[in-house]
Amino acid sequence: MEECISVFDMLKIGVGPSSSHTLGPWRAAERFLEELKEEAILENITRVKVDLYGSLSLTGKGHATDLAVMLGLSGQDPEYIPVEDIAGIIKKIETNNEINLGNQKLIPFYFLQDIVFNKDFLPFHANGLKFTAYKSDDSEYESTFYSIGGGFVVKEERTNAKQKEAIKCAFPYPVQNAAELLAYTVSENKSISEIVYENEISMRPEAEVHSELMRIWNTMLECMYIGCHSEGILPGGLHVRRRAFDMHQNLIGLSNYTDPQSWLEEIRKTEVKFRQILKWVSCFALAVNEVNASLGRVVTAPTNGSSGVIPAVLMYYMVIENHNAGEKEIKQFLMVAGEIGSIFKKGSTISAAMGGCQAEIGVSSSMAAAALCELMGGTPAQVLMAAEIAMEHHLGLTCDPIGGLVQIPCIERNTMGAIKAINAAELALETDSKNAKVPLDKVINTMWETAKDMNSKYKETSEGGLAVAVNMADC
């Protein structure tokens with residue numbers, strides 16, 4: 001049976017700055033706590049040590065991996081924790097040299113000693129981390145996890161886990177690749193979003209699908225709103241000044257609004273010349289990724305580093321292309337985007353530690369292009385063509401964050417991914433799909449082959465590209 005990945009697996013609410021280096025380790029810590037509870041040994045734990053390996057170690061400080069692990073071990077949930085509480089929780093751990101394990105038991109915790117950064121790589125994946133719990137009888141319990149991108153966490157028994165998950169899954173339209181998805185749309189005479197919807201309601205009630213999709217959008221909208229109304233310097237030492245605030249002020253003028261929804265309505269009234277459209281799309285993307293860089297709440301889409309592309313393109317559609325767009329179009333867009341992302345995950349990777357930034361910005365641009373194309377009236381074949389065009393022009397994109405921070409060039413790359421997505425959708429809409437020369441599945445396979453050929457220093461290690469050409473002193 002084929003692997004079934006829900007839209008809600010691809011679009012997850014969490015905390016920045018990185019899905020694989022922040023959200024993934026946080027979720028791994030939560031899973032480790034679950035194991036301790038299942039083994040009925042949590043109350044016997046006297047100390048916990050965390051070893052970070054490979055890419056998690058090399059760029060862990062810049063991605064707040066150590067903070068995420070501490071928050072996870074404390075029993076905090078990244079989806080619901082008030083982001084304003086994060087600094088206080090971390091400060092308390094560091095000041096008192098103790099952690100409230102699972103929010104149940106206080107144990108000594110010296111973060112400089114108990115979180116170890118190991119530069120060597122574990123063989124299974126570039127993002128490895130091992131938890132060791134020491135018990136009162138001097139025995140130990142170890143568990144190793146791998147953060148494989150987009151907040152997904154697996155153990156080495158990944159193949160068996162996938163098989164078990166597949167047995168539980170019973171999508172009426174299981175999709176492994178783009179060709180299968182297209183075949184369903186033809187045989188069932190349905191759009192891609194309709195196929196995805198049928199799959200989703202096979203797993204959860206329709207009301208829940210509706211409410212969760214709208215919760216994802218409202219989180220995206222709030223994130224854009226916060227980013228456009230926050231000024232100052234981003235944390236981390238690069239002294240990067242937020243740009244969305246000034247850009248937004250120049251674009252919005254003296255408009256009056258009180259909340260994200262009324263803000264959206266005011267944007268619909270603004271000038272829509274080509275330059276203004278470019279600026280608005282860029283502003284939306286910048287806003288999201290500036291929030292992400294400051295440990296704010298974002299939607300992983302499909303990663304945190306690329307979380308600005310999909311909100312920016314959907315917002316573009318709502319405030320520029322279709323002023324009547326509402327919940328129907330929002331859900332349609334998110335379902336198509338999620339499905340395209342899942343196909344990339346199955347056929348290649350969404351982890352920059354494995355595939356460079358083509359796996360993040362490239363995939364997010366492809367997801368957004370496909371979703372926009374369907375909303376603009378594209379056929380399923382044109383939708384897949386839009387996804388193909390967007391990825392085709394991101395192939396080989398490296399991941400080289402300066403200082404290991406998801407800031408330079410990561411934030412700007414989201415603006416480029418969003419603009420490319422809009423361009424790709426328009427090209428697909430103006431093309432007869434019968435004349436397409438490159439199938440999406442071929443591009444996905446090529447992306448994976450490119451990822452395997454790519455030097456490891458260009459895969460989220462901060463050991464190549466801009467990360468070494470530009471140092472902290474230059475900034």
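Along the sequence shown, residues are numbered consecutively beginning with 1.
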(message) Quick check against the 3.5 Å criterion: does K12 have a side-chain atom that pairs as donor or acceptor with the backbone of D9?
(response) yes
(message) Under 4.0 Å between a side-chain nitrogen and a carboxylate oxygen: does that hold for K91 and E94?
(response) no
Which atom pairs, donor and acceptor, lie under 3.5 Å between side-chain atoms of residues 399-412 and protein residues at least two apart or in another chain?
{"residue": "D400", "atom": "OD1", "partner": "R413", "partner atom": "NH2", "Å": "3.2"}
{"residue": "D400", "atom": "OD2", "partner": "L466", "partner atom": "N", "Å": "2.9"}
{"residue": "Q407", "atom": "NE2", "partner": "P235", "partner atom": "O", "Å": "2.7"}
{"residue": "E412", "atom": "OE2", "partner": "R243", "partner atom": "NH1", "Å": "3.0"}
{"residue": "E412", "atom": "OE2", "partner": "R243", "partner atom": "NH2", "Å": "2.8"}

(request) Identify whether the distance between the nearest side-chain nitrogen and carboxylate oxygen of E208 and R204 falls below 4.0 Å. (result) yes
(message) Any side-chain to backbone donor/acceptor pair from H248 onto A244? Under 3.5 Å, distance only.
(response) no
(request) Mind checking the CD1-CG spacing from I343 to D441? Nearest 0.5 Å is all I need. (result) 7.0 Å
(message) Nearest 0.5 Å, please: how far is CD in E290 from CD1 in I233?
(response) 10.0 Å
(request) Could you tell me whether E79 and R215 make a salt bridge, using a distance below 4.0 angstrom between a side-chain N and a carboxylate O? (result) yes
(message) So, taking the atom named CD in Q76 and the one named CD1 in I89, what distance separates them when rounded to the nearest 0.5 Å?
(response) 4.0 Å
(request) Quick one: do T349 and S351 satisfy side-chain hydrogen bond (donor to acceptor under 3.5 Å, both in side chains)? Show the steps, please. (result) CA-CA 5 Å; T349 180; S351 168; 4.6 Å; no
(request) Step by step, work out the salt bridge (Lys or Arg N to Asp or Glu O under 4.0 Å) result for K119 and E463. (result) CA-CA 12 Å; K119 290 188 177 181; E463 295 181 323; over 6 Å; no
(request) Might you point out which heavy atoms bring L182 and L384 nearest each other, and give the distance in Å? (result) CB-CD1, 3.8 Å
(request) Would you confirm whether S282, through its side chain, and K279, through its main-chain N or O, come within 3.5 Å as a donor-acceptor pair? (result) no
(message) Could you tell me if the side chain of I201 sits less than 4.5 Å from the side chain of E198, heavy atoms only?
(response) yes
(request) Locate the shortest heavy-atom distance separating A352 from A359; write the atom from each residue and the value. (result) N-CB, 4.3 Å
(message) What I want to find out is whether D246 reaches R241 closely enough, with some N-O distance under 4.0 Å, to be called a salt bridge.
(response) yes
(message) Can you classify the ring geometry of W263 versus Y257 as parallel (below 30°), tilted (30 to 60°) or perpendicular (above 60°)?
(response) tilted
(message) Please check this pair: side chain of S74 against backbone of M70, looking for a donor-acceptor N/O pair closer than 3.5 Å.
(response) yes
(request) Please answer whether the main-chain N or O of T303 pairs with a side-chain N or O of S19 as donor and acceptor at a distance below 3.5 Å. (result) no
